[in-house]
Number of protein chains: 2
Amino acid sequence: MPRWPENTRARLVDAAFGMFVEQGYAGTTVEQIATRAGATSRTFFRHFRDKDEVLFADDDELLPHLVESIAGSTAGDSGGMMRAALGALADRMEPGRPRLRQRQRIIEQDVGLTGRELAKQARWQHAVVDALLERGFDRDDAEILAAIGFALFTGALHEWLEGEDDDGRSLRDHVERRFPKIADALNRPVPS
Amino acid sequence: MPRWPENTRARLVDAAFGMFVEQGYAGTTVEQIATRAGATSRTFFRHFRDKDEVLFADDDELLPHLVESIAGSTAGDSGGMMRAALGALADRMEPGRPRLRQRQRIIEQDVGLTGRELAKQARWQHAVVDALLERGFDRDDAEILAAIGFALFTGALHEWLEGEDDDGRSLRDHVERRFPKIADALNRPVPS
DNA sequence: GGAAGTGATGTCAGTTTGTGTCATGACTCT
DNA sequence: AGAGTCATGACACAAACTGACATCACTTCC
C-alpha cells in the first residue's frame with residue numbers, strides 16, 4: 001500500500017539523531033538531516049513542526065499509560081499508588097536506555113531543548129494532577145503529590161541514564177530506592 | 001559620559017513588551033521592536049542573544065537574594081526556613097505585579113517561551129538545592145524540599161497573578177496560605 | 001591640543017529556519 | 001481507462017540570526 005518509501009519519518013529521526021551526536025545540535029542543519037535521509041528539508045518540516053520536534057515527536061506515547069495507571073490503581077494510599085504508576089512507567093522506559101541516553105546528551109547541549117523537555121514534563125505533570133483530581137484528591141494534595149512524584153522520577157531517571165548499561169540496576173530500582181525518603185509526604189489515604 | 005542614548009537596552013525592553021502585548025509574540029518582528037526603540041535589529045541582537053531573551057534578561061537579579069535567605073536563615077526546621085525564604089522572595093516580587101502579569105500572558109502564548117521559563121525555574125531550583133546542601137541537608141532531602149517549595153511558590157504565583165491589583169492579597173499571603181497543607185513533608189529539623 | 005584608542009552602534013551580505021504555493025507522479029478506486 | 005489521492009519535490013520568500021567592516025562621539029595619553 002505504500003506509494004513512497006513509507007518510512008521517511010523514521011529515516012529522518014535516525015538521520016537527525018546520528019548527525020546531532022556527530023556534529024552537535026546547533027552544528028547540524030535541517031538540510032543535512034534531510035539529505036542524509038534521502039529527502040528534502042521541506043519534507044522534514046512537513047513531518048516535524050520545527051528542528052526541535054524531531055527529538056520530542058514520539059515522546060507522548062507513554063503519557064496515556066501513566067494516566068491510566070493512576071486511574072485504574074487499586075492501592076489504598078497515595079504512596080502505593082504513585083509507586084505502582086511510576087514503576088510501570090519505568091518498566092516501559094527500560095528497553096530504551098541507549099536511545100534515551102543519546103537524547104539526553106543532545107538536549108543538554110541546548111538551552112532551548114532543555115526548556116522544551118521541561119515543558120513536556122510540565123504537561124505530563126499537569127495530566128497527572130488531572131488524573132488525581134479525577135480520583136478524588138483535592139487540588140492542593142494532587143499538585144503536591146504530582147510535584148513530588150516527578151521530582152523523584154526525574155532524579156531517578158538521571159541517575160539511571162548516567163549508569164552503565166550492564167550495571168544491573170533497572171530504572172524501577174532507582175525509582176523505588178527513593179520512595180522511603182519521602183514516606184511522610186506520601187502517606188495520605190486515597191479518598192473514597 | 002555616555003556617547004550614545006545609553007538607555008538603549010531599556011528602550012528595547014519597553015518596545016518589546018509593548019509590541020508583544022499589542023500584536024502577540026509571534027506576530028511581532030525584531031525589526032519592528034528595534035525601529036520602535038529607535039535602533040537596528042543588529043543592535044537588538046547585540047543586547048539579547050535571541051528574541052526570547054528580552055523577556056528573561058533581567059530576571060536573575062532575585063536569585064542571589066533567595067540563595068542568601070537560605071544560607072543565612074536562623075529557623076530551626078526546614079518548614080520555617082522555606083517559609084522565610086519564599087516569603088522574602090514574594091516581598092521582592094510584590095511591586096512588579098503589573099509587569100509580571102504582562103510577562104506571564106506573553107509567555108503563555110508560546111511553547112518555546114514556556115519552556116524557557118521552566119528552564120529558568122529549574123536553574124533556580126538547582127541553586128536552592130545547592131544552598132540546602134551547603135546548609136547540611138542530605139541530597140535527597142534537599143531535592144525534595146526544593147521541589148515542594150517551588151511547586152508551592154509557582155502555584156501561589158499563578159493565583160496571585162490572576163487576581164486583581166486591588167484585591168488586597170499579597171503574594172506572600174498566597175504563599176503562606178499553602179504552607180499548612182504540606183506541613184508533614186516540611187517538619188524536618190535543620191541538620192546541626 | 002592633537003593623535004591614538006575605545007566601544008556602542010549602523011550597514012551589508014550571508015546562512016538557517018520555517019511557510020505558502022504549485023507541480024509531479026505513483027498509487028487507489030470505480 | 002479515467003479521476004482522485006497524497007506524500008513529496010521545487011521554488012520563492014519572510015524572519016531569525018551572524019560575521020565583517022565602517023562610523024563617530026568620547027576618552028586618554030603624550
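Proteins come first, then strands; the chains are lettered A, B, ... in the order of their sequence lines, and each starts at number 1. Values reported hereafter were calculated over all heavy atoms of this structure, with side chains retained and with hydrogens, waters and symmetry mates removed.
- For A:Phe150, there are no ring pair (Phe, Tyr, Trp, His ring centres under 6.0 Å) partners, not counting sequence neighbours.
- In this entry the distance linking CZ of A:Arg9 with P of D:dC6 reads 18 Å, nearest Å.
- Between the CG atom of B:Leu113 and the C1' atom of D:dA16 there is a distance of 14 Å, rounded to whole Å.
- In this structure, B:Arg99 is positioned above the aromatic face of B:Phe17, its NZ or CZ under 6.0 Å from the six-membered ring centre and within 45° of the axis.
- Residues passing the ring pair (Phe, Tyr, Trp, His ring centres under 6.0 Å) test with B:Tyr25, sequence neighbours excluded: B:Phe20.
- Grouping Ile, Leu, Val, Met, Phe, Trp and Tyr by side-chain contacts under 4.5 Å, direct or through others, puts B:Leu118 with A:Leu118.
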Spell out protein contact along nucleotides 14-22 of chain C as letters: B when the base is contacted, S when just the sugar-phosphate is, - when no protein heavy atom is under 4.0 Å; keep the 5' to 3' order.
--SSBBBB-
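- Residue A:Thr8 places no side-chain N or O under 4.0 Å from the OP1 or OP2 atom of D:dA7.
- Considering only residues two or more places apart in sequence or on other chains, A:Arg42 meets the side-chain hydrogen bond (donor to acceptor under 3.5 Å, both in side chains) condition with none of them.
- Contact annotation: A:Thr40 does not reach the phosphate of D:dT8 (side-chain N/O to OP1 or OP2, under 4.0 Å).
- One atom, CD of B:Gln32, and another, P of D:dA16, lie 9 Å apart when rounded to the nearest Å.
- Rounded to whole Å, the distance from NE2 on B:His47 to C1' on D:dC17 is 16 Å.
- Judged as a side chain to side chain contact (heavy atoms under 4.5 Å, CB included), and not counting sequence neighbours, B:Glu134 has no contacts.
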